[in-house]
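Notes follow the structure.
In this text the structure is predicted, and so the values were computed from the model without any measurement.
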Amino acid sequence: MYSVQDVLSVIQSNPIGFSIAGIMVYVIGFFQYGYSLMLQKREHKSPWFFWQHAWYIGHDLTFVLSYDVWFNQMDFWLFRVLWLGCIAFVGIEILTLYRTVKYERQEVFGKYIHGREITEKEAWCRGIIGYILGIIFFYTIRIAIGDSCCLALMMSTNAIVAIFPSFLMEERGSREGQSVVLGILVVIGTLFTFAPQGIGFWATAAPVFREPWFICIGIVSIIGSIRYLVVIHRYPKKTELIDGKKPLY
């Protein structure tokens, strides 16, 4: 696929441009996740499927466990900063699981036990197992495809956040747990993810991310992010919450 040396060559040729692109990836990601946390706290629903969170913690923990790559093989400050960012994301995913168990356990896990009331203990067990599976799948797939710097699988996290949340909204049949602002952030993040060489982080990082398969995923993801905004406008605006707080737009 690509090697650590391929990425290092790009860094050596344009360290400032590469660093700006990399920082932008995480800044946009933190904005998206910040809004997700606010939605889950205020409306008691996550904007994303549970399996997405399991995949995300798989990415974040794999990145953290790849300490040797970032601190010894790469030896470039940007990846050390991204490593610290992934530690923060691991904490965010644990907080997300806590809120899922507390507020959403019936919606997320109840369907697997024929709709009966699910206890917090059962939800914790299912949630932890889901996270473990996400971590195992992510870590082993990275090894299998030779994704030396986690770049291809990092890109996958942005692709699924663009494509799938609109289907969760359709399942719920409302704007609950969703947001126009979050949708706009996802569109911006998706456009940046699949931006051409010299602008986008991935296309700049290695030649493999300038091939037709990457462009194809990019087109599908951009369409998916736009579809989110189309779908959310099909449903009525959210009304005042039970506790009297105003829902997020």
Side-chain angles (χ1 to χ4, degrees), residues 23-57 59-60 85 88-111 127 154-195 199-201 218-249:
I23 291 296
M24 284 296 295
V25 168
Y26 270 64
V27 168
I28 295 170
F30 271 112
F31 272 115
Q32 291 174 350
Y33 244 105
Y35 222 83
S36 169
L37 288 173
M38 287 192 296
L39 283 164
Q40 198 179 31
K41 181 180 180 181
R42 182 169 295 188
E43 302 182 17
H44 295 175
K45 289 182 182 294
S46 171
W48 302 325
F49 285 105
F50 173 75
W51 64 262
Q52 290 182 251
H53 292 291
W55 186 246
Y56 296 151
I57 197 171
H59 165 270
D60 301 334
F89 274 125
V90 169
I92 288 171
E93 286 301 351
I94 293 171
L95 176 59
T96 297
L97 177 57
Y98 166 77
R99 288 179 174 170
T100 297
V101 171
K102 184 176 181 180
Y103 301 125
E104 300 181 84
R105 62 181 181 273
Q106 198 60 39
E107 177 185 328
V108 174
F109 303 114
K111 54 192 171 186
M154 184 193 297
M155 174 274 297
S156 76
T157 65
N158 289 357
I160 65 176
V161 83
I163 296 169
F164 294 100
S166 62
F167 296 103
L168 176 59
M169 187 170 11
E170 288 178 322
E171 281 188 13
R172 290 173 175 164
S174 73
R175 293 189 182 191
E176 287 183 305
Q178 306 294 343
S179 162
V180 174
V181 174
L182 178 59
I184 293 171
L185 288 171
V186 170
V187 170
I188 293 170
T190 306
L191 289 171
F192 187 76
T193 297
F194 297 99
I199 301 175
F201 179 69
I219 292 171
V220 173
S221 299
I222 291 168
I223 292 172
S225 67
I226 294 171
R227 182 181 189 271
Y228 179 95
L229 293 175
V230 172
V231 172
I232 201 169
H233 281 95
R234 292 178 184 169
Y235 297 107
K237 292 182 179 180
K238 290 179 279 190
T239 57
E240 189 177 86
L241 302 175
I242 295 174
D243 58 9
K245 292 182 179 178
K246 186 178 180 180
L248 296 175
Y249 178 68

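Of the possible donor and acceptor atoms, one in the side chain of Lys238 sits under 3.5 Å from a partner among the backbone N and O of Gln178. For the pair Thr193 (side chain) and Gly189 (backbone), a donor-acceptor distance under 3.5 Å is present. A donor-acceptor contact shorter than 3.5 Å is absent between the side chain of Arg99 and the backbone of Ser46.
In this structure, Trp51 CH2 and Ile160 CD1 are separated by 4.5 Å, a value rounded to the nearest 0.5 Å. Annotation: the span from Phe109 atom CZ to Gln106 atom CD amounts to 11.0 Å, rounded to 0.5 Å. Distance CE/Met155 to NE2/His59: 11.0 Å, rounded to 0.5 Å. Atom-to-atom distance recorded for Leu39:CG and Trp48:CH2 is 9.0 Å, nearest 0.5 angstrom. In this structure, the separation between CG on Leu248 and CE on Met38 is 6.0 Å, given to the nearest 0.5 Å. For the atom pair CZ of Phe194 and CG of Asn158, the computed distance is 7.0 Å after rounding to the nearest 0.5 Å.
Scanning all heavy atoms of the two residues, the minimum distance from Pro247 to Arg42 falls at CA-CD, 4.3 Å. Across all their heavy atoms, Ile226 and Val187 have their closest contact at N-CG2, 4.3 Å. Between Ser221 and Ala162, the shortest heavy-atom contact is O-CB, 3.4 Å. Residues Gly177 and Arg172 approach most closely at CA-NH1, 4.0 Å, considering heavy atoms. When all heavy atoms are compared, the tightest approach of Ser179 to Tyr228 is N-OH, 3.1 Å. The shortest heavy-atom contact between Ser225 and Thr190 is CB-OG1, 3.9 Å.
Contact annotation: the side chain of His233 approaches that of Val180 to within less than 4.5 Å [non-hydrogen atoms, C-beta and beyond]. Side-chain contact between Thr96 and Leu37 is present, with heavy atoms from C-beta onward closer than 4.5 Å.
Counting non-hydrogen atoms of neighbouring residues, nucleotides and ligands closer than 6.0 angstrom, the OH atom of Tyr26 exceeds 12 such neighbours. Crowding of Tyr98 atom OH: a count of heavy atoms from other residues, nucleotides or ligands under 6.0 Å not exceeding 12. Summarising the local packing, CD of Glu107 is surrounded by more than 12 heavy atoms from other residues, nucleotides or ligands at distances under 6.0 Å.
Ring pair Phe164/Phe167 is tilted by interplanar angle, where 30° to 60° counts as tilted. The aromatic rings of Tyr103 and His44 lie parallel to each other, with less than 30° between the two planes, well short of the 60° mark.
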Under the side chain to side chain contact (heavy atoms under 4.5 Å, CB included) criterion, do Leu97 and Phe50 qualify, and how do the steps go?
CA-CA 9 Å; Leu97 177 57; Phe50 173 75; 3.8 Å; yes
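A search for side chain to side chain contact (heavy atoms under 4.5 Å, CB included) contacts involving Arg234 returns Glu170, Val230, Val231, not counting sequence neighbours.
Counting only N and O atoms by type, the side chains of His53 and Thr100 include no donor and acceptor under 3.5 Å apart. Checked by atom type, the side-chain pair Trp55/Ser156 shows a donor-acceptor distance below 3.5 Å.
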